[in-house]
Amino acid sequence: MTKQLLADLEWRGLISQTTDRDALTKDLESAPLTFYVGFDPTAPSLHIGNLAVICTMRRFQLAGHKPIPLVGGSTGLVGDPSGRNEERSLNDESVVVDWVNRIKKQLEQFLSFEGSNAAVMANNLDWTAPISALTFLRDIGKHFSVNQMLSKDSVSARLEGGGISYTEFSYQVLQALDYLELYKLHNCKLQMGGSDQWGNIVAGLDLIRKVESGSAHALTIPLITKSDGTKFGKTAGGSVWLDPEMTSPYAFFQFWIGADDADVEKLLKVFSFKSHEEIETLLVSLKENPGAREAHRALAREVTSLVHGAHNAQQSESAAKALFGQGDLSELDEATLQSALSQLPRTQIKKSDSIPTWVDLLCATGVVDSKSAARRIVKEGGAYLNNAKIAGEDFAPTVEDAFYGRFLVLRKGKRDLAAVELI
RNA sequence: GGCUGGUUGCCCGAGCGGCCAAUGGGAGCGGACUGUAAAUCCGCCGGCAACGCCUUCGAAGGUUCAAAUCCUUCACCAGCCA
């Protein structure tokens with residue numbers, strides 16, 4: 001397995017750039033290699049944009065190498081200019097600390113912290129915070145040429161655009177310092193990241209060469225793109241987060257189920273840990289019997305399990321199966337219905353109160369932003385109660401409509417479901 | 001510091017005193033087709049107690065029967081000059 005690691009990545013389309021490929025291959029094949037990937041806390045949760053590189057880390061660990069997931073406790077305070085045409089607004093320190101902890105926890109579930117190649121969690125604040133400004137300028141800054149720093153894509157793009165603050169300009173130095181520290185501390189010899197990180201990673205290699213006369217590697221993976229050119233990982237509701245509070249396992253599962261056919265091959269290769277043969281089989285099915293959606297299902301099942309656990313994946317899948325299409329909700333037993341509905345956006349109303357109109361109910365579940373929007377749905381013929389189209393704006397369900405006297409299933413359009421529970 | 005141009009709905013971008021909740025495009029949403037896909041076509045796309053009412057066109061004031069449109073001040077952005 002170790003031997004074919006890079007070949008496997010290549011097959012999966014996961015290699016964008018590397019430093020000396022032969023040297024890297026040799027190091028990977030001769031012994032377990034310690035490598036690191038950094039994640040800056042720019043939000044309270046990682047999102048599926050981060051998942052590709054997380055999966056790649058996992059592949060390396062499965063192949064016997066030792067991962068260091070690094071959370072950017074310090075770099076998160078500064079802000080990476082890469083890929084941005086505007087200065088970031090600085091986040092409050094306490095907020096960043098909170099985010100660091102959350103992200104640490106998320107990263108932990110993807111890697112093994114046991115065994116000979118146990119992962120080691122790192123936080124760059126540990127070595128950055130103690131450095132004084134003067135030490136930083138004399139010991140670290142001295143190794144950087146401003147000319148070179150200016151030529152980095154992330155910086156030059158900003159010079160032509162809205163400009164860049166000294167703070168963000170310094171980002172690459174901090175990241176370079178991280179690589180140097182991990183090189184010294186853990187003999188870390190490979191840094192991976194998204195393709196936009198190439199410049200920052202290379203800055204680290206230079207620093208290692210200058211300070212330690214050492215050599216290390218860089219590997220970047222391509223940005224995941226969609227075939228239609230829109231951004232991967234965004235839905236109407238915004239980003240698809242890994243935190244189940246921010247994106248429910250059900251919504252997460254649905255995200256993969258709803259993937260464009262044209263993207264499924266790429267997604268399977270990037271996110272699935274199945275063998276090449278299994279993936280090929282799924283792709284054949286996709287081509288020959290697209291309506292069955294086997295590849296979509298396998299993808300959704302696997303990635304949801306990876307992120308939210310097998311149980312939640314199972315729940316999401318049966319919820320989808322129960323609620324979608326084939327349709328007679330009344331055939332579901334109470335327990336199945338209840339667990340399916342628990343995955344959906346929902347609202348509760350008291351049995352003693354009279355039941356509001358469909359419009360008000362939908363609004364209460366948060367599926368639409370305003371009553372006008374809900375009314376519009378009704379007018380356009382996209383409003384359903386228990387899978388049956390409803391008549392007019394004034395329509396209000398009755399207690400008799402509720403399954404087992406407690407559940408109403410609202411649907412907006414083809415696939416946007418919500419639940420109402422009478423309590 | 002001086003001059004000039006700009007700031008419009010989720011984004012881009014028209015409008016330059018009434019016919020403006022504001023043209024057009026994108027995104028998004030609903031419908032038809034299909035497979036919880038794509039493409040295509042049709043429709044919608046500020047809010048509400050809804051044939052009416054309310055709140056929007058950087059901010060605050062002002063002129064007017066009437067302002068996104070005119071005037072004043074302020075803030076920010078861009079270009080030119082110093």
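Residue numbers start from 1 in every chain, and the chains themselves are labelled A, B, ... in the order their sequence lines are given, proteins ahead of strands.
- Residues Trp241(A) and Phe252(A) place their aromatic rings such that the two centres sit no closer than 6.0 Å.
- When heavy atoms are screened at a 4.0 angstrom cut-off, Lys379(A) is found touching no nucleic acid atom at all.
- Taking every side-chain heavy atom of Arg375(A) into account, A49(B) is the closest of A49(B), G35(B), G30(B).
- If you take CZ of Arg415(A) and C1' of G35(B), they are 11 Å apart, rounded to a whole angstrom.
- Distance check on atom P: U69(B) versus G2(B) gives 26 Å, rounded to whole Å.
- Put simply, CD1 on Ile377(A) is 11 Å from C1' on G31(B), counting in whole angstrom units.
- Inter-residue side-chain proximity for Gln106(A) and Ser45(A) is flagged as met; some heavy-atom pair is nearer than 4.5 Å.
- The base-pairing partner of A27(B), taking Watson-Crick or G-U wobble contacts with both distances under 3.5 Å, does not exist among the strands shown.
- Taking atom CG of Asp260(A) as the reference point, atom P of G35(B) lies 17 Å away to the nearest angstrom.
- Taking the P atoms as reference points, A59(B) lies 13 Å from C10(B), given to the whole Å.
- Between A21(B) and U8(B), the two C1' atoms lie 12 Å apart (nearest whole Å).
- Here U36(B) presents its C1' atom at 14 Å from CG of Leu299(A), a figure rounded to the nearest Å.
- Counting to the nearest Å, the C1' atom of A37(B) and the CG atom of Leu283(A) are 15 Å from each other.
- Across the C1' atoms, C80(B) and A14(B) are found 27 Å apart, a figure rounded to whole Å.
- The nucleotide C45(B) finds no pairing partner, because no Watson-Crick or G-U wobble arrangement with both distances shorter than 3.5 Å includes it.
- Across all strands, Ala383(A) comes closer than 4.0 Å to no nucleic acid atom at all (heavy-atom distances).
- The side-chain contact (heavy atoms from CB on, under 4.5 Å) test with Ile15(A) singles out one residue from Ile221(A), Leu6(A), Thr56(A), and that residue is Leu6(A).
- Relative to the side chain of Ser372(A), the nucleotides A50(B), A49(B), C44(B) differ in distance, and A50(B) lies closest.
- In this entry A66(B) has no Watson-Crick or G-U wobble partner, no candidate having both defining distances under 3.5 Å.
- With RNA chain B read from its 5' end, the first of the two nearest nucleotides for Asp369(A) and Gly381(A) is the one closest to Gly381(A).
- For the pair Arg301(A) and Phe253(A), the cation does not sit on the ring face, since its NZ or CZ is not both under 6.0 Å from the ring centre and inside 45° of the axis.
- Taking atom P on both nucleotides, G25(B) is separated from G46(B) by 15 Å, rounded to a whole Å.
- Note: His276(A) and Trp11(A) have parallel aromatic rings, judged against thresholds of 30 and 60 degrees for the angle between ring planes.
- Distance check on atom C1': A39(B) versus G35(B) gives 14 Å, rounded to whole Å.
- Asp261(A) comes within 4.0 angstrom of a nucleotide base, judged by non-hydrogen atoms across all strands.
- Nucleotide G1(B) forms a pair with C81(B), judged by Watson-Crick or G-U wobble geometry with both contacts under 3.5 Å.
- Nucleotides C65(B) and G5(B), compared at atom C1', are 33 Å apart to the nearest Å.
- Look at the P atom in both U64(B) and G52(B): the space between them is 30 Å, to the nearest Å.
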Stepwise side chain to side chain donor-acceptor pair (under 3.5 Å) test for Asp40(A) and Tyr171(A): CA-CA 12 Å; Asp40(A) 273 359; Tyr171(A) 185 91; 2.5 Å; yes
Are Ser74(A) and Thr128(A) close enough, and set up right, to give a side chain to side chain donor-acceptor pair (under 3.5 Å), and what steps lead you there? CA-CA 7 Å; Ser74(A) 62; Thr128(A) 314; 3.2 Å; yes
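- Aromatic ring pairs are classed by plane angle as parallel below 30°, tilted from 30° to 60° and perpendicular above 60°; the pair Phe35(A) and Phe60(A) is tilted.
- Between the side chain of Arg376(A) and the base of G30(B), no donor-acceptor pair under 3.5 Å is found.
- Picking from U36(B), G35(B), G30(B) the nucleotide with the shortest atom distance to the side chain of Ile257(A) gives U36(B).
- When each of C48(B), A37(B), G35(B) is scored by its nearest atom to the side-chain atoms of Ser370(A), the top-ranked nucleotide is C48(B).
- When Watson-Crick and G-U wobble pairs are counted only if both distances are under 3.5 Å, G35(B) pairs with no nucleotide at all.
- Distance from the side chain of Ala320(A) is smallest to U36(B) among U36(B), G47(B), C29(B).
- Under the Watson-Crick and G-U wobble criteria, each requiring two contacts below 3.5 Å, nucleotide G17(B) is left unpaired.
- Base orientation of C65(B): anti, the glycosidic angle falling outside 90° of 0.
- The interatomic distance linking Gln343(A) (CD) with U36(B) (C1') rounds to 16 Å, in whole Å.
- With RNA chain B read from its 5' end, the first of the two nearest nucleotides for Ala262(A) and Asp360(A) is the one closest to Ala262(A).
- Across all strands shown, A75(B) pairs with U7(B); the Watson-Crick or G-U wobble distances both stay below 3.5 Å.
- Remark: C1' of G30(B) and CG of Leu410(A) are 16 Å apart, rounded to the nearest angstrom.
- C54(B) atom P lies 20 Å from atom NZ of Lys371(A), rounded to whole Å.
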